[in-house]
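Notes follow once the structure below has been shown.
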Amino acid sequence: MEQFNPCLRNFIAMGKNYEKALSRDVLFQMAEVHRQIQVQLEEMLKCFHNELLSELEKKVELDARYLTAALKKYQMEHKSKGESLEKCQGELKKLRRKSQGSKNPSKYGEKELQRLIEQV
């Protein structure tokens, strides 16, 4: 009985070690699956960045450049038209002053009308 008992205990210990080995194998398999999922996730993130984010970033940058150029063009045109308008208004004021002191106001009336048309 004493010899049987140590063998039985050894058998039980070996069974437990075998059970641990199997559970370790399962843990290794789980770790491998987790690693594969992590690799796939990293690949998806790279694709997301390359195909979507970087393209959107380029488009936003191009839009910003276009809008900046359009704004500068608009400001230049606005300034030019404003200067032209001020010039025409100045000439119109001169003509009105001349026509008020003139003996022939109809002569300046036609010029004044032309200046008003130019302003529009």
If you count the non-hydrogen atoms of other residues, nucleotides and ligands that lie under 6.0 Å from CD in Glu57, is the total more than 12? no
CD1-CZ distance between Ile12 and Arg9, expressed to the nearest 0.5 angstrom: 8.5 Å
Could you give the distance from NZ (Lys59) to OG (Ser54), rounded to the nearest 0.5 Å? 11.0 Å
Answer yes when Glu19 and Lys16 have at least one side-chain N-carboxylate O distance shorter than 4.0 Å, and no when they do not. no
Would you give me the side-chain donor-acceptor pairs under 3.5 Å for residues 30-44, sequence neighbours excluded?
{"residue": "Glu32", "atom": "OE1", "partner": "Arg35", "partner atom": "NE", "Å": "3.4"}
{"residue": "Glu32", "atom": "OE2", "partner": "Arg35", "partner atom": "NH2", "Å": "2.7"}
{"residue": "Glu32", "atom": "OE2", "partner": "Gln36", "partner atom": "NE2", "Å": "3.3"}

Please list every donor-acceptor pair under 3.5 Å in which a side-chain atom of residues 65-80 meets a protein atom from a residue at least two apart or in another chain.
{"residue": "Arg65", "atom": "NH2", "partner": "Glu61", "partner atom": "OE2", "Å": "2.7"}
{"residue": "Thr68", "atom": "OG1", "partner": "Ala64", "partner atom": "O", "Å": "2.8"}

Donor-acceptor contact present, side-chain Ser84 to main-chain Lys81, <3.5 Å: no
